[in-house]
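First the structure, in the form of structure tokens, and then the observations on it.
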2 protein chains.
Amino acid sequence: MTAAGDPSPVAVGDAPRVETRVERKERTRRAILDAALDLSGETSLVGVSLRQVAKEVGIVPTGFYRHFDSIESLGLALVDESFASLRAMLRDVRQIDRQDPEKPFASIVDHSVRVLADHVERQHQHFLFIARERAAGPRAVREAIRHEIGLCERELAADLALLPGTTRWSSEDFRNISNLIVTSMVATAEALIAAGDDVEAREQICAAARTQLRMVIVGALHWRANV
Amino acid sequence: MTAAGDPSPVAVGDAPRVETRVERKERTRRAILDAALDLSGETSLVGVSLRQVAKEVGIVPTGFYRHFDSIESLGLALVDESFASLRAMLRDVRQIDRQDPEKPFASIVDHSVRVLADHVERQHQHFLFIARERAAGPRAVREAIRHEIGLCERELAADLALLPGTTRWSSEDFRNISNLIVTSMVATAEALIAAGDDVEAREQICAAARTQLRMVIVGALHWRANV
DNA sequence: AGAATCAGTGAACGTCTGTACACCGAAACT
DNA sequence: AGTTTCGGTGTACAGACGTTCACTGATTCT
């Protein structure tokens with residue numbers, strides 16, 4: 001970041017690459033976040049103590065304060081991180097949807113569910129964190145999560161508007177439908193996590209999610225006509 | 001329970017009705033349950049200590065053990081209680097559905113949502129408890145809740161089978177649909193609780209729930225034909 | 001080379017936690 | 001009547017908790 005030339009004083013190349021101070025700090029910060037994500041798995045963030053986190057990371061309790069000033073603010077950082085990965089997933093879903101926005105609903109649904117399952121598998125800690133702390137975290141964390149989910153719903157609504165057959169929907173319809181979809185996808189994520197390594201169960205859950213998503217879409221497409 | 005005649009030694013009627021021992025115990029037990037329900041409102045049951053509960057009830061900490069042997073077993077009692085009231089609600093929904101099972105889906109939906117909103121308003125502590133501890137309670141509590149929700153879904157599936165137009169559904173369809181409905185109703189309950197006393201917001205949430213429920217049903221009725 | 005920064009240390013504090021134990025006194029049984 | 005039962009009490013303890021403070025020593029800046 002500085003304008004100076006090579007700031008590294010290491011002359012020979014065999015030194016194990018001395019860590020810079022900010023790198024080291026970032027590494028510890030990550031370790032704290034990971035430890036908290038891990039520990040909150042039993043029960044919830046509310047059940048996690050600063051001392052537990054410190055012990056898990058391998059620092060002394062007071063060292064925690066160099067990075068966060070409370071478990072709650074740590075929680076808010078985890079919310080940011082979790083939704084960053086969730087947004088990455090939504091971007092993946094969107095990308096495919098846009099490249100062929102015409103026609104086959106079924107394939108869009110299939111793809112969306114597959115992307116969801118993929119991300120849940122790789123980032124299940126984040127999804128689990130959201131699902132859990134949404135209902136049970138510290139108040140500030142709960143509110144942050146609700147807010148983020150609201151944003152996701154609005155994003156999804158905007159996406160839905162690009163699909164064919166949705167011209168008759170009111171803005172209320174869009175809101176309802178994306179709320180319904182987000183809700184059931186959160187539930188799917190929870191179920192996938194609960195299923196753990198049981199691949200058969202996972203596939204069953206994905207199949208159910210596909211069906212449910214199709215039902216919702218079919219219902220949404222028909223419902224204006226059938227009230 | 002004994003065969004003896006009047007066991008009460010009170011001769012005159014103006015005595016303030018001496019409490020029997022089991023009555024007194026039950027009263028304290030109730031107070032403990034209520035206190036725990038209350039205290040777990042901030043965050044979760046995991047964040048509630050035996051001593052807090054005891055202080056709230058007005059007994060000494062060790063007195064707690066006369067009724068429960070841990071916060072966790074108290075939680076299991078609350079699960080029973082909460083689902084008892086949820087079941088009462090389902091019974092109410094069912095009763096009306098059965099008295100006129102033909103035709104008007106819309107009115108069934110309207111009625112169901114109204115009953116839900118009613119019960120949520122009166123028993124919001126129970127619903128909130130379920131929604132919260134389902135994701136964040138002690139492990140045993142979480143499992144108990146998941147199990148009970150599974151039962152509710154099966155009950156609902158059996159109910160749906162009585163409605164007209166559902167003959168083409170497979171047993172998988174029934175499972176998927178009731179899962180979808182239960183999931184979105186749980187979400188509705190959460191939203192209603194979050195809305196608090198704001199009557200306008202409540203009405204909006206109910207309207208959304210009605211719409212969503214109709215969409216799901218319309219989708220379910222059409223989806224076999226449109227895959 | 002010298003000064004400043006700052007992630008991590010270690011001891012100490014007051015408070016809260018769950019649990020053990022012996023005890024009380026009124027209700028319930030015989 | 002005498003005895004047992006048992007909900008609730010009071011004291012006590014060891015451990016975990018969040019937070020304070022003064023510290024160290026390697027990295028970074030000048």
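Naming: A, B, ... by sequence-line order, numbering from 1 per chain. Quantities reported herein were computed from a predicted structural model and do not represent experimental measurements.
Among residues two or more places apart in sequence or in another chain, the side chain to side chain donor-acceptor pair (under 3.5 Å) test is passed with B:Arg27 by B:Glu19. Every residue two or more places apart in sequence or in another chain was checked for a salt bridge (Lys or Arg N to Asp or Glu O under 4.0 Å) with A:Arg114, and none qualifies. In this view, B:Glu42 and A:Arg139 satisfy the side chain to side chain donor-acceptor pair (under 3.5 Å) rule, not counting sequence neighbours.
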Between N or O atoms, less than 3.5 Å apart, protein on one side and nucleotides 15-17 of chain D on the other: list the pairs.
| from | atom 1 | to | atom 2 | distance (Å) |
| --- | --- | --- | --- | --- |
| D:dC17 | OP1 | A:Ser49 | OG | 2.6 |

Under 3.5 Å, which protein N or O atoms sit close to an N or O of nucleotides 2-5 of chain D? Give each pair with its distance.
| from | atom 1 | to | atom 2 | distance (Å) |
| --- | --- | --- | --- | --- |
| D:dT5 | O2 | B:Arg21 | NH1 | 3.0 |
| D:dT5 | O2 | B:Arg21 | NH2 | 2.7 |

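For residues 173-191 of chain B, every residue pair satisfying the side-chain hydrogen bond (donor to acceptor under 3.5 Å, both in side chains) rule, not counting sequence neighbours, is listed here: A:Arg134-B:Glu190, A:Gln212-B:Asn179, B:Glu153-B:Asn179, B:Ser170-B:Asp173, B:Asp173-B:Arg224.
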Considering only distance and modelled atom types, tabulate donor-acceptor pairs under 3.5 Å from the side chains of residues 33-40 of chain B, sequence neighbours left out.
| from | atom 1 | to | atom 2 | distance (Å) |
| --- | --- | --- | --- | --- |
| B:Asp34 | OD1 | B:Arg30 | NH2 | 2.9 |
| B:Asp38 | OD1 | B:Gln125 | NE2 | 3.4 |
| B:Ser40 | OG | B:Ala36 | O | 3.0 |
| B:Ser40 | OG | B:Leu37 | O | 3.1 |
| B:Ser40 | OG | B:Arg132 | NH2 | 2.8 |

Side-chain polar contacts of residues 47-67 of chain A - donor-acceptor pairs under 3.5 angstrom, sequence neighbours left out - could you list them?
| from | atom 1 | to | atom 2 | distance (Å) |
| --- | --- | --- | --- | --- |
| A:Ser49 | OG | A:Gln52 | N | 3.0 |
| A:Gln52 | OE1 | A:Ser49 | N | 3.4 |

What donor-acceptor contacts under 3.5 angstrom involve side-chain atoms of residues 199-209 of chain B, with partners at least two apart or in another chain?
| from | atom 1 | to | atom 2 | distance (Å) |
| --- | --- | --- | --- | --- |
| B:Arg202 | NH1 | B:Gly196 | O | 2.8 |
| B:Glu203 | OE2 | B:Arg210 | NH2 | 2.9 |

Next on the checklist: Determine whether A:Phe127 and A:Val186 satisfy the following criterion, side-chain contact (heavy atoms from CB on, under 4.5 Å), listing intermediate values before the conclusion.
Outcome noted: CA-CA 8 Å; A:Phe127 280 86; A:Val186 168; over 6 Å; no

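Counting only distance, with no hydrogens or angles, the side chain of A:His119 and the backbone of A:Leu116 share no donor-acceptor pair below 3.5 Å. B:His111 places no side-chain N or O within donor-acceptor distance of the main-chain N or O of B:Ile108, the cut-off being under 3.5 Å. For A:Thr20 (side chain) and A:Glu23 (main-chain N/O), no donor-acceptor pair under 3.5 Å exists by modelled atom type.
Of the residues in residues 31-45 of chain B, not one places a heavy atom less than 4.0 Å from an atom of DNA chain D. Contacts with DNA chain D (heavy atom under 4.0 Å) in residues 57-78 of chain A: A:Thr62, A:Tyr65, listed by number.
Nucleotides of DNA chain D nearest to A:Val22 and B:Lys25 differ in position, and the one nearer the 5' end is that of B:Lys25.
Heavy atoms of other residues, nucleotides or ligands lying less than 6.0 angstrom from CD of B:Glu172 number 12 at most.
Taking all atoms of both residues into account, the shortest heavy-atom contact from B:Gly41 to A:Arg142 is O-NH1, 4.3 Å. For the pair B:Leu192 and B:Ala117, the tightest heavy-atom approach, listed with the atom from each and the gap, is CD1-CA, 4.0 Å. Smallest separation of non-hydrogen atoms from A:Val79 and A:Ala144: CG1-CB, 4.1 Å.
Put simply, CD on A:Glu19 is 13 Å from P on C:dA7, counting in whole angstrom units.
Over its length, the helix from C:dA1-D:dT30 to C:dT30-D:dA1 turns its helix axis by 20°, as judged from the five terminal pairs at each end, rounded to 10°.
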